[in-house]
Amino acid sequence: MEVAERLRLRTAPGPGMPPAFEDLFRREYPRVVAIAHRIVGDADEAEDVAQDVFVSFYRKHPADAHYAAPWLHAAAAHTALNVLRSRARRRTRDAVEALRRDTAVPDPAQAAEAAETRSEVRAALTRLPDRSAALLALRYSGLSYEEIAAALGLRQSSIGTLLRRAEDAFRKEVTT
Amino acid sequence: MSDIEDMLSVPDANVDTERALARLRARVEAERIAPVSRGASGPRRVAVNIWLKGLAAAATVALVATVLTVSGLAETILTIFEPKQIVAVPITVNDLTGASSFATYGTLTWTEQPRPYDVPDLGTAARDSGMTVLIPGNLPAGVGAPKYGVMAKTTATFTFSAEKTRQAAAAQKRTPPPMPANIDGSRLFITGGPAVVTFYDDGSAGATGATSATGATGASPFSGMPRLIVAQGRPPVVQSDGVTVDQLQSYLLQQPGISPQLAAQIRAIKDPSSTLPVPIPVDMATSKKVTVQGVDGIFVGDSTGLGSAVIWQKDGIVYGVAGTLTEQQVLAVANSLH
């Protein structure tokens, strides 16, 4: 490659979005949002996480990669957990705000209580090992054992056991 | 519903996939994000892409913000940025990904596009660029034959647009401060170049194309670069047809994505109208002041120690030497230019 071509590569604007990527986006976006939503508990924030996940995939991986969907699912869980951890310090205030945005609960006392519960649940998630928290989020977002195994690089036969352990650990964290 | 499902339940989200795709398209366009090309996957390539795109984005932000820190009002077309010195501005990955590109704030129209082209020899490079092209008197062992490229002088006009800014922000679900009325429609006239770039690939047998740094972390901003690059060019000059600079400064430095740290660093530049900010990706590289060719320069080294660069300005020309070389090698090449 000669000098001009190399310089062009470094100065030219990026090409348009490949159709294969748009297809992937349409196919997987709702599920990526659902996984992130389950973790962060806030719909707007979940969509922000999904945007970051797709941008990250777009930069690093071809749209037709065979691992695209599992990669996106795992990235959604891990990115959302990172957001949750960074938010943990101010979690109660955020949770109350998120609840106000997301739901229409007529009773303020009930709303506050629900927000507190949700905040505690999210805090408990951040205290779990990453894999356990991701397992729970993926499972309760509706992924099959096969899809969870592919996303987290685990054997499908071990998902049931690992999930039960994660659930036990989660219950323990919520009640402590 | 199990107790866990109950605890993790969330209200139904109303997901609009097409709107989300439009938002992503706007972001990809605004930040000039390129998709990975097949076979080019991997952390090194990613690091280079982030750095190069970030360099462009941060340079834009830094340049525009710097331009706008000049005090006073321009009644007529006025040169508001003509760098005579350079300064390192530390930036982070968050600065790179958070800040919007120049394209978000208006329309850039090239009157002369940057079109790099190959030239066969040094004489042609000098003639086409109208500059005396300096050559290294000292090359490290293993460096191959030089190849020359010329980028002719480029000019562009940037027109601020409140409407375009609003649309880009809406697509990204951001809420920037409104653009002041007198910025909307005002223009900046930008001139850059000419420039000459000399590439030296690895001279060892079988080497073709770029030589890659192979750091264990893979995070070298120099990976994928030729063994040695020597570049020189006229720095950018910016003129304005009369914008309210104080408003522009506060407007741009308050944009979402520009961290308070970055804004403070840009505000701290003592003589912004004549200082070219060089963004240093602090997550991947370190920088320090050095003396090159008898003037102040900036040395940039990557965290693996495998790539180095030095940048300086002398007699109205910005020079750069970079490569997969050590600090000593790069400085020796830089000081040997004649």
Side-chain angles (χ1 to χ4, degrees), chain A residues 1-8 10-18 21-22 25-27 29-30 33-34 37-44 46-48 50-52 54-55 57-65 99 102-103 117-118 120-121 124-125 136-137 139-141 166-167 170-171 174, chain B residues 2-5 7-18 20-21 23-25 27-29 31-39 41-43 45-46 49-50 52-53 55-56 97 103 114-119 146-151 172-173 195 197-199 208-210 225-226 229:
Chain A
M1 197 191 299
E2 294 302 314
V3 178
E5 193 177 344
R6 290 193 202 172
L7 289 173
R8 252 177 238 126
R10 287 166 194 278
T11 54
M17 202 174 267
F21 180 83
E22 297 199 349
F25 187 92
R26 289 192 175 95
R27 212 165 47 241
Y29 184 77
V33 172
H37 193 189
R38 194 67 64 162
I39 294 172
V40 297
D42 176 81
D44 286 345
E47 293 218 42
D48 290 344
Q51 290 281 331
D52 288 345
F54 275 97
V55 164
F57 186 86
Y58 185 71
R59 284 186 162 125
K60 298 176 191 169
H61 305 279
D64 55 359
L99 190 78
D102 267 11
T103 57
T117 306
R118 190 192 279 189
E120 281 166 10
V121 164
L125 263 188
L136 293 175
R139 180 57 180 160
Y140 290 100
S141 305
E167 288 170 343
F170 183 53
R171 279 191 198 96
V174 171
Chain B
S2 76
D3 61 330
I4 304 273
E5 193 171 358
M7 281 191 277
L8 289 176
S9 69
V10 285
D12 283 344
N14 189 16
V15 175
D16 183 341
T17 302
E18 289 306 317
L21 182 56
R23 179 185 170 196
L24 190 76
R25 278 199 207 98
R27 179 170 168 188
V28 163
E29 186 192 342
E31 297 176 19
R32 297 164 67 93
I33 300 168
V36 68
S37 57
R38 192 161 275 292
S41 171
R45 180 64 181 227
V46 170
N49 284 344
I50 289 174
L52 289 172
K53 283 199 200 77
L55 190 67
T97 53
R115 292 188 197 283
Y117 59 95
D118 292 331
V119 291
K147 291 173 184 163
Y148 301 96
V150 171
M151 185 121 58
Q172 295 184 46
K173 296 171 79 174
V197 181
T198 311
F199 279 15
T208 56
M225 283 193 176
I229 302 174

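Everything numeric here is computed off the predicted structure, so don't read it as measured data.
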* Asked: Of the backbone (N, CA, C, O) and the side chain (C-beta and beyond), which part of A:Y140 lies under 4.5 Å from a heavy atom of chain B, both, or neither?
  -> side chain
* Which heavy-atom pair separates B:D3 from A:R171 by the least distance, and what is that distance? -> OD2-NE, 2.5 Å
* Asked: Counting distance only, does the side-chain N/O of A:Q51 pair as donor-acceptor with the main-chain N or O of B:A20 below 3.5 Å?
  -> yes
* To do: Give, as side chain, backbone, both or neither, the part of A:V55 having an atom under 4.5 angstrom from any heavy atom of chain B.
  => both
* To do: Evaluate the side-chain contact (heavy atoms from CB on, under 4.5 Å) criterion for residues B:T17 and A:R27: first the C-alpha distance (whole Å), next the side-chain angles of each, then the deciding distance (0.1 Å), finally the verdict.
  => CA-CA 9 Å; B:T17 302; A:R27 212 165 47 241; over 6 Å; no
* Structure fact -> Note: vs chain B, highest number of non-hydrogen pairs under 4.5 angstrom among A:I39, A:V33, A:D52 is A:D52
* How long is the gap from CD on A:E120 to CE on B:M7, to the nearest 0.5 Å? -> 11.0 Å
* Side-chain heavy atoms of B:L8 within contact of A:L125, under 4.5 Å -> yes
* To do: For residues A:H37 and B:D12, determine if any side-chain heavy atom of one lies less than 4.5 Å from a side-chain heavy atom of the other.
  => no
* Asked: Is any side-chain heavy atom of B:L24 less than 4.5 Å from a side-chain heavy atom of A:F21?
  -> yes
* Would you say B:L21 and A:Y29 make side-chain contact, with heavy atoms under 4.5 Å? -> no
